[in-house]
Amino acid sequence: MSDSQRLEVSTRVPARGQLHQLFRDQDARCGNVEEWDPRQLMSIAAHGPGCYVRADGTLVGAGLRDGAELLLAVAHCDGLDRTRVAGALLHSMRGTGECWAPTDDPALAAALVVDGWQPSTVDLQMRRQLPATAPAPLPPGFQLVELSGSSEAMLHDEAHELACDAWGVGPHLEGFLDRFVRQPAYDAELWVLGQDGDGVCGAAIGHVEQLPDALVGKVASLAVAPRARGLGLAAALLEELCGRFSSRGLLLAQLGTHEDNPSGAPSMYRHLGWTRASSRTRWQRSV
C-alpha cells in the first residue's frame, strides 16, 4: 500500500453490494468460477465478528468468520499492497482454525505463510463441455430408478442413507433435505439413482445454476455405496446426468472435488473429459 493511503482496520460492516463486489472480483481475478451469494455473505457478516480494511475510505479487504472457517478477500487495486492488507486481516481474526483461499492468489498465500498457516486440502472445481458422449451402460446387476409420485420422499430417505454409507458419516436427514431437496433449484429429473437387489446404491444429484460466466449443470453430489464400487457405476451415473444436462440445452457441466480424494475421483473425472476450472486451497494453522 502506498504511503499516501490511510489504512483503517475496523469491525464496521460494509454495505451488501460492496462486500459482494470485493469477494466476486477477487475470485474473478484468480480464475475462480464460483459465485458468492450476497445474502449469505451478509448473513455471515451479521453474525460476526468480522474485520474490514479500508484505504482512504474505500473497502479493500474483508475477513469473515463462518464457524471455524475464515473467509478472506482483498481488492486488486493499483498501488495496493495486498499481502499487507491480508496480514492485517489475519492479525485481527485470530482464533479461526482453517481458511480457504483461491489457489492462484500469491499475495494471500504469502500473508498466510507469514502468519503461521500451512496449506493442506485443494478443493477443485472441474468442468466438462457438453453435449456429453452417449451415456455409458450401467454395469450388470444395476438399474436406474426415477423419482416420481409417492416414491419421491422414500427415495430421498434412501439417498440420505446412501450418503451416510458412502462417506462413512453424513448430515442428519433434515440437513440432507435442506441441502439437496429444499432448494429452489431442486429438480427430481436431475437425480440419477442406481439400485441393485439391496436398494439404492449410487446417486448423481444435479441442478441447473447460473454462474457469473455461464449457465451450467452442477453436479451437487456423487456417491456410491462401498458394496457397488469398482464396477463402473459412478462413471455410468455421472454420464447419465451429463446427458440429462445436455438434453436441457446446457453446454457446460461443473462439479467440485478434493484433489487428494482417497477414492481417486479426480482421476476418473479427468478420464471422462473433465478439466480443472479453478481451485481453492484450505489452509490450517501450524501446531
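All residue numbers in this chain count up from 1 along the given sequence.
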**Study point:** Any side-chain donor near an acceptor of the partner, R29 and Q26, under 3.5 Å
**Key:** no

Practice item. Sequence neighbours left out, what pairs pass salt bridge (Lys or Arg N to Asp or Glu O under 4.0 Å) with at least one residue falling in residues 60-72? Key: none

With sequence neighbours left out, what residues match [X] under salt bridge (charged side-chain N to carboxylate O under 4.0 Å, His left out)?
X    : result
E259 : R270
R182 : E174, D178
R276 : D104
R244 : E146, E240

Review point. Quick one: does R82's side chain have a donor or acceptor within less than 3.5 Å of a partner on V74's backbone?
Key: yes

**Study point:** S43 side-chain N/O to R39 backbone N/O, donor-acceptor pair under 3.5 Å
**Key:** no

How about [X] and [Y]: do any of their side-chain heavy atoms sit closer than 4.5 Å?
X    : Y    : result
V216 : L250 : no
T11  : P49  : no
D25  : H76  : no
V60  : L22  : no

Check your understanding: Can you list every pair that meets side-chain hydrogen bond (donor to acceptor under 3.5 Å, both in side chains) and has a residue in residues 188-206, with sequence neighbours left out?
Key -> E189-R248, D196-R227

Name all residues meeting the side chain to side chain contact (heavy atoms under 4.5 Å, CB included) criterion together with [X]; count only those two or more places apart in sequence or in a different chain, and write none if there are none.
X    : result
R229 : A166, V224, P226
A45  : V13, L19, Y52, L64
Q125 : V33, E34, Q254, S278
P106 : none

Point to revise | With sequence neighbours excluded, residues passing ring-ring contact (aromatic ring centres under 6.0 Å, His included) with F142 | key: none

Practice item. Please list, chain by chain and in numerical order, all residues satisfying side chain to side chain donor-acceptor pair (under 3.5 Å) with E8, sequence neighbours excluded. Key: R12

Check your understanding: Taking everything shown except R94 itself, do over 12 heavy atoms lie less than 6.0 Å from its CZ?
Key -> yes

